[in-house]
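Everything numeric here is computed off the predicted structure, so don't read it as measured data. Residue numbers begin at 1 in each chain, while the letters A, B, ... track the order of the sequences.
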Protein chains: 2
Amino acid sequence: MGVSIKQIAEIAGVSRGTVDRALNDRPGIKPEVKKHVLEIADSLGYRSNRAGKLLGLHKAPMSIGIQMPSEGNDFFEAITAGQRQAGSELGDFGLRLYWRTMKGFSARRQAQQIDELIEEGVQAIALVPIDHQIIHEKLAELARKNIPVITFNTDIADSDRICYVGNDYLKSGATAAGLLGRLADGREWRVLVLTGSVSMLGHNQRIHGFHSTIKEHYSNIKVVDIFETEDDDDKAYQICREFLSPAAAAGGRSVELPADAIYLTAGGTAGCCKAVIEAGLAGVIKIISFDRTPSMEQYLADRVITASIEQEPYLQGYLPVKMLFDYLLDNTRPPACSWTRNEIVISENMNQSARFTEK
Amino acid sequence: MGVSIKQIAEIAGVSRGTVDRALNDRPGIKPEVKKHVLEIADSLGYRSNRAGKLLGLHKAPMSIGIQMPSEGNDFFEAITAGQRQAGSELGDFGLRLYWRTMKGFSARRQAQQIDELIEEGVQAIALVPIDHQIIHEKLAELARKNIPVITFNTDIADSDRICYVGNDYLKSGATAAGLLGRLADGREWRVLVLTGSVSMLGHNQRIHGFHSTIKEHYSNIKVVDIFETEDDDDKAYQICREFLSPAAAAGGRSVELPADAIYLTAGGTAGCCKAVIEAGLAGVIKIISFDRTPSMEQYLADRVITASIEQEPYLQGYLPVKMLFDYLLDNTRPPACSWTRNEIVISENMNQSARFTEK
DNA sequence: CTGAAAGCGCTTACAG
DNA sequence: CTGAAAGCGCTTACAG
């Protein structure tokens, strides 16, 4: 169909091997020959053929490394499923995936696992970067070594990653506010904010985006308090229990609610739900949360959680692998940011797409 | 990596050509030889290699036909974009796409365009089937001719399509009801339903799913009336104008609203919005709609439309092409139904995912 | 630094 | 009905 290496070789009066050297920046070719070949390729509008490349991979198969803080964190299950799917689809083309996972957010541990991946010989890395000097330096080192990096779920400023795949946390906060504003429908509502940690950028952005939107459009909504759950269900349960105790003590009698809604920016949702149910306030106090873990499923189905905003975790696993593969294969450049959607999930639309999980 | 045709040939004591004939049901092979080869392939756990297949396509490139009622219908723009994207990604492997589009829903025209595609020599077809005897017969004919079919956007009962890619209209109706129920928050709300046509199954299912959910969970919501817009903005405008005239005549003075919300199952949303704005009721009467056309964008952004439920139209274009390609390539069977999500879109989360459109 | 050859896995004419 | 050969586009040793 298109132009092939063979044709370029004929026209340039060199061998296919030399054309290959020129096109793929391989060593051992005279600069002027390279220039000549590239000019011809250019004038012919040469684009390498994927089928040929794919089959040509047979020796020197590709390997990609993945590093993430997924241990003990249910949220990463869907991400892992996406990575596995990409690995299996591309396995036919020889791709090998190497995982390094950790519990919690240690920059030193992350740096160490990145080193391990390099030693395994991976040609590219996808990771959830920790915002720490050590990691900044490590990413600079990867850039020097010509190992392309894609960040997912969380981005890191001023690094040389070729792409970020994940949420825009400001917009996800705005989405939560937009939803809550529509629910309040002009009524004066007071909102309790439960965040994961005030030192997590993403969590803060979800608060910030929320604030901006209510400030601009929903002056009837007020934030009454902010607490940290440390992404922990027990902690969230304790906080909510205490917060709700006046209303709970009142039993059936009507007292003013301590809040009309609870907005959770991160983990701890199931604990919060438990406390709300125990206080007899399920469905009365609206709960807006993010993501979806197994422990949240039932609360979503039962409408204890009014809505949860998901961020396409499966794609956050799938896309980085796919993009790195394409990049290594024929230099296909992904966009600098591939935003995942903020999906508003309620009980009625929570179980629909078997597409991603069934295969 | 895996087992190759060459290895099977050696073990079976036949040539690669014969193995190929056996594996791909090609004519000209003795039944017992075929059986023998297949047994060996089976025992070795043979799975064909995609890279090899892809390159082997060079002669006899694939072609897939697409038929849909997209003319004059903005909704199909995103679908077309998805098809184009799949076509360009797979173009490297020689795939050619053939389009036949029509305006409106003529079964005879559809049958004729299917015939045209067959004459073009397409090996598979993706279409939006019309529920008519002629089409049922045409699909049976395609099955006899061994031309695989995928339906998208709309399914058709008891046909031999290998997959349906699209919405579950009952669930999309349920999603609309769940959302409206949360907005009403226990208040007695009256809803005007505007459907496209009472003879369109999908539109009816969106009403049915809506009814079931309010019946089960939101007895505070009542449907006050149902009108047909014929998917037409002018018609929708006229209906709404008349319906809202008492309230509009009242000007600023408070009268009881003729409805608290309008639920549109199909086209005509922009017309409805125009009438609601003219009556001075933007934001007061909640509007829940489906999909998203250019004419709706501004109303969504301005919160005149409270929320619209989208059905991943881009994927409805992309997936059928991709699935048919995979099916033709190595018999990869798609699921019988690949449901697209019911995405709740509000002004805050409407512009996020550049992923699908930018490329 | 360059070329000629062999190979990846699968298909397709062609010869028998 | 079957086999031997050639080819798809690209890569990789190997020889010079």
Between A:N24 (CG) and D:dT12 (P), how many Å, whole number?
-> 8 Å
Considering only heavy side-chain atoms of A:R16, the closest of D:dT12, D:dC10, D:dG3 is D:dC10
Output yes when B:D330 and B:R47 qualify as a salt bridge under the 4.0 Å nitrogen-oxygen rule, no when they do not.
-> no
Under 4.0 Å: is that the gap between some side-chain N or O of A:R26 and OP1 or OP2 of D:dT12?
-> yes
A:Y46 and A:I5: CA distance, side-chain angles, deciding distance, side chain to side chain contact (heavy atoms under 4.5 Å, CB included) verdict | CA-CA 8 Å; A:Y46 174 77; A:I5 268 187; 3.7 Å; yes
Within 45° of the ring axis of A:Y164 and under 6.0 Å from its six-membered ring centre, is that where the NZ or CZ of A:R161 lies?
-> no
Closest of D:dC8, D:dT2, C:dC10 to the B:T18 side chain is D:dT2
Rounded interatomic separation in angstrom, taking CD from A:Q7 and C1' from D:dC10 = 14 Å
Indicate yes or no: does B:E10 engage B:K6 in a salt bridge with an N to O separation below 4.0 Å.
-> no
Going by atom types alone, do B:H136 and B:D131 pair a side-chain donor with an acceptor below 3.5 Å?
-> yes
Is there side-chain contact between B:S70 and B:F75, with at least one heavy-atom pair below 4.5 Å?
-> no
Using a cut-off of strictly less than 4.0 Å, decide whether A:K59 has a side-chain nitrogen or oxygen near OP1 or OP2 of C:dC8.
-> no
Rounded to the Å, how far apart are B:N49 CG and C:dT11 P?
-> 10 Å
Whole angstrom is fine here: how far is it from NZ in B:K34 over to P in D:dT2?
-> 12 Å
In whole angstrom, what separates B:H36's NE2 from D:dC1's C1'?
-> 16 Å
From the options D:dT2, C:dT11, D:dG3, select the nucleotide whose nearest atom is closest to the side chain of B:D20.
-> C:dT11
When you check the gap from the basic side-chain N to the acidic O, do A:E141 and A:K145 get nearer than 4.0 Å?
-> yes
Take A:G17 and B:R47, find for each the nucleotide of DNA chain C with the closest heavy atom, and name the residue whose nucleotide sits nearer the 5' end.
-> A:G17
Which is true for B:I29 with a 4.0 Å heavy-atom rule: it touches a base, it touches only sugar-phosphate, or it touches nothing?
-> sugar-phosphate
Could you list the protein-to-nucleotides 14-16 of chain C atom pairs, N/O on both sides, closer than 3.5 Å?
none

Calculate the interatomic distance between A:H58 atom NE2 and C:dA6 atom C1'; express it in whole Å.
-> 9 Å
Give each stem of DNA chain C as a range with a range, requiring at least 3 consecutive Watson-Crick or G-U wobble pairs whose two distances are under 3.5 Å.
-> C:1-3 with D:14-16, C:5-12 with D:5-12, C:14-16 with D:1-3
Determine the sole option in A:R100, A:Q110, A:R109, A:E116 for which the side chain to side chain donor-acceptor pair (under 3.5 Å) test with A:Q67 is passed.
-> A:Q110
Whole-Å gap separating P (D:dA6) and CD1 (B:I5) = 19 Å
Start at the 5' end of DNA chain D and walk down; is the nucleotide closest to A:A60 or to B:G52 reached first?
-> B:G52
Between A:R341 and B:E312, is there a salt bridge with N-O shorter than 4.0 Å?
-> yes
Write down the distance between CZ (B:F93) and P (C:dC10), rounded to a whole number of angstrom.
-> 16 Å
Please walk me through it: do A:D326 and A:R333 pass salt bridge (Lys or Arg N to Asp or Glu O under 4.0 Å)?
-> CA-CA 8 Å; A:D326 286 346; A:R333 273 219 161 262; over 6 Å; no
